[in-house]
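Note sheet for the following structure.
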Amino acid sequence: MNIAGINASFVVFPSESTIDISARSIGDINVQVILEKLGGGGNKNQAGAQIREKTQKDVVRDLLTAIDAYLEDNSMPEPDQDK
């Protein structure tokens with residue numbers, strides 16, 4: 001993950017009986033804190049979650065809500081578009 005302006009990535013995918021989330025960060029965003037809100041865990045740079053009894057669409061909605069809450073709580077500065 002080395003794309004300008006991207007500090008974290010989240011992959012949401014169906015597994016056998018769960019919807020799984022895999023998250024990675026380059027350090028500016030604590031993905032563990034975000035995924036703990038969804039019942040997952042990990043560490044600051046790598047985290048995951050397995051969600052049961054929800055659709056993939058519902059999990060994505062919940063993830064976006066958790067990301068928004070994290071960004072509000074941590075007042076992330078806007079990336080400099082000139083770099």
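Keep in mind that what you see is a predicted model, and the values were worked out from it rather than measured. Positions are given from 1 along the sequence.
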Nearest 0.5 Å, please: how far is [atom2] in [Y] from [atom1] in [X]?
{"X": "I34", "Y": "N74", "atom1": "CD1", "atom2": "CG", "answer": "8.5 Å"}
{"X": "D73", "Y": "D68", "atom1": "CG", "atom2": "CG", "answer": "11.0 Å"}
{"X": "I67", "Y": "L35", "atom1": "CD1", "atom2": "CG", "answer": "8.0 Å"}
{"X": "L63", "Y": "F10", "atom1": "CG", "atom2": "CZ", "answer": "5.5 Å"}
{"X": "D28", "Y": "K44", "atom1": "CG", "atom2": "NZ", "answer": "7.5 Å"}
{"X": "Q50", "Y": "I21", "atom1": "CD", "atom2": "CD1", "answer": "10.0 Å"}

Verify, without hydrogens or angle tests, whether [X] (side chain) and [Y] (backbone) share a donor-acceptor contact under 3.5 angstrom.
{"X": "Y70", "Y": "T65", "answer": "no"}
{"X": "Q32", "Y": "Q46", "answer": "no"}
{"X": "S25", "Y": "I29", "answer": "yes"}

Residue that, paired with V59, satisfies side-chain contact (heavy atoms from CB on, under 4.5 Å) out of I51, T18, D20: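 Per the side-chain contact (heavy atoms from CB on, under 4.5 Å) rule, the option paired with V59 is I51, out of I51, T18, D20.
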
Heavy-atom pair of closest approach, residues A47 and R24: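 Taking A47 first and R24 second, the nearest heavy atoms are O-NH1, 3.7 Å.
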
Least distance between heavy atoms, A49 atom then G40 atom: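 Residues A49 and G40, closest heavy atoms: CB-CA, 3.7 Å.
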
Partners passing salt bridge (charged side-chain N to carboxylate O under 4.0 Å, His left out) against D58 (at least two apart in sequence or in another chain):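 Partners of D58 by the salt bridge (charged side-chain N to carboxylate O under 4.0 Å, His left out) criterion, ordered by chain and then number, come out as R61.
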
Path from F13 to L64 over hydrophobic side-chain contacts below 4.5 Å: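 They do not share one cluster, since no chain of ILVMFWY contacts under 4.5 Å joins F13 to L64.
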
Within-4.5 Å side-chain heavy-atom neighbours: I19 and T55: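 No, too far: nothing below the 4.5 Å cut-off.
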
